[in-house]
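Take a look at the structure below.
One-based numbering, in listed order, for ligands and for the atoms of each. Side-chain atoms are counted along with the backbone in the values below, which use heavy atoms only and exclude waters and symmetry mates. As the structure is a computational prediction, the values presented were derived from the model and not from experiment.
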Amino acid sequence: MGFSTDAVHAGQTPEPRTGAVITPLFQTSTYAQKGPGEHTGYEYGRTQNPTREALEQNIAALESGKYGFAFASGMAAINTVAQLLKAGDHVIATENVYGGTYRFFTKIMEKFGLRLSWVDTSDLEAVRTAWRPETRMVFVETPTNPMLVLSDIEQIARLARERDALLVVDNTFLSPYFQRPLELGADLVLHSTTKYLNGHSDVVGGIVVTRREDLAERLAFLQNAAGGVPSPFDCWLVLRATKTLALRMRAHAENALRIAQYLHDHPKVERVLYPHLPSHPQHELALRQQKTPYGDSGSGGMVTFFVPDFATAQHVMRRLKLFIVAESLGGVESLACHPASMTHASVPPEMRAKIGITDGLIRLSVGVEDVDDLIADLDQALRE
Ligand SMILES: *Cc1c(COP(=O)(O)O)cnc(C)c1O
């Protein structure tokens with residue numbers, strides 16, 4: 001089936017008793033047994049829930065996978081993936097990953113004996129150089145936040161396969177509509193469903209998808225044993241949202257490209273980062289890797305741009321009316337973020353400079369509003 005057909009139908013059939021077209025919300029913690037040990041396959045809410053299963057199968061289909069595992073947050077998904085490893089194992093991870101991922105690995109997992117190398121995974125040679133005999137996982141985020149640096153999933157997958165390590169890709173920024181890492185050779189793909197998959201800024205959630213039965217067995221065990229599961233209601237909400245994923249992603253990308261072009265031509269803007277602008281240093285890779293299931297390519301809704309200094313950035317942020325100043329991304333409403341004073345304020349200025357996060361950097365999560373209204377808002381904000 002095509003992507004949009006799967007988005008609407010995968011994992012879902014009309015409810016057998018009433019014919020309800022929409023998967024019911026099974027808001028229950030336990031299930032009646034006919035006799036002791038004589039159950040329907042559903043015993044306890046942490047272990048099994050039909051609404052959660054529908055969501056897991058739905059997103060697994062969209063990611064070209066076979067097995068999905070839903071979690072209470074993106075971080076709970078990442079936590080569970082890390083538990084596939086053991087003390088002494090070494091992980092090569094994209095430097096400049098999502099801040100929460102960095103915090104999780106350095107402040108928690110290293111305490112349990114996991115070893116981390118933070119590497120510019122856009123440079124294949126750097127990945128090769130960082131390799132150790134005990135390397136068991138490569139953790140890649142592409143594109144990164146907020147610099148939109150891309151890593152070549154196919155090349156890294158080849159390297160990981162040769163050397164018997166797992167390749168994990170955090171696909172939150174593009175969603176499966178614009179990038180399907182399992183098709184490119186990754187072993188696991190994960191998301192903060194909080195972002196594009198739910199897309200309506202009303203759920204915090206996560207998911208992990210794989211094609212491999214051996215990994216699925218271990219993840220099912222961990223999901224139940226470690227217990228970071230989502231509520232049935234949150235699963236129901238995300239399932240409602242994935243139905244329109246293709247429609248939303250097309251609208252996000254169309255608006256974002258128009259805005260990136262507008263900013264690119266604006267005299268007050270020093271630089272724009274958007275992988276589908278020809279000026280992006282990895283434009284070529286974006287065209288090749290970030291493909292919809294229909295063969296065209298796109299870069300989703302995230303646009304980063306630079307104004308000359310802190311004062312200008314503050315001025316622009318304060319004047320925005322339609323763009324809401326907030327953290328997070330991927331919702332239908334447009335958001336603006338100034339990392340130096342918001343998401344990355346706790347990162348020391350020298351470190352921010354090393355990553356490229358200047359005081360004049362503004363990150364947009366472009367929503368699905370009328371693009372002319374969004375451009376008019378930016379236009380008035382960029383005026384004196
Ligand atoms: C938000 C985000 C996460 C963390 O997800 P939560 O749902 O907030 O726990 C992980 N990776 C990326 C790329 C994100 O944007």
Nitrogen or oxygen of Met75 less than 3.5 angstrom from that of ligand 1: yes
Validation row: Leu159, Leu167 side chains within 4.5 angstrom (heavy atoms): no
Any N/O pair Thr101/ligand 1 closer than 3.5 Å: no
Asn145 touching ligand 1 at heavy-atom level, < 4.0 angstrom: no
Distance from atom 15 (O) of ligand 1 to nearest protein heavy atom, with residue and atom: Lys195 NZ, 2.7 Å
Closest protein heavy atom to atom 11 (N) of ligand 1, given as residue, atom name and distance to 0.1 Å: Asp170 OD2, 2.7 Å
Parallel, tilted or perpendicular: rings of Tyr294 and Tyr177 (30°, 60°): tilted
Ring geometry between Trp236 and Phe233 (parallel below 30°, tilted from 30 to 60°, perpendicular above 60°): parallel
Contact check: Ser192 vs ligand 1, nitrogen or oxygen atoms, below 3.5 angstrom: yes
Pair Arg52-Glu56, salt bridge (charged side-chain N to carboxylate O under 4.0 Å, His left out): steps then yes or no: CA-CA 6 Å; Arg52 188 174 90 209; Glu56 291 171 337; 3.4 Å; yes
Option passing side chain to side chain contact (heavy atoms under 4.5 Å, CB included) with Glu141 (candidates Thr121, Asp170, Val168, Asn96): Asp170
Closest protein heavy atom (residue, atom, distance) for atom 6 (P) of ligand 1: Gly74 N, 3.4 Å
SB check Arg383 Asp379 (cutoff 4.0 Å): yes
Heavy-atom nearest neighbour in the protein, as seen from atom 8 (O) of ligand 1, with distance rounded to 0.1 Å: Tyr98 OH, 3.9 Å
Any Gly205 heavy atom less than 4.0 Å from ligand 1: yes
Side-chain donor-acceptor contact under 3.5 Å, Gln48 with Glu43: yes
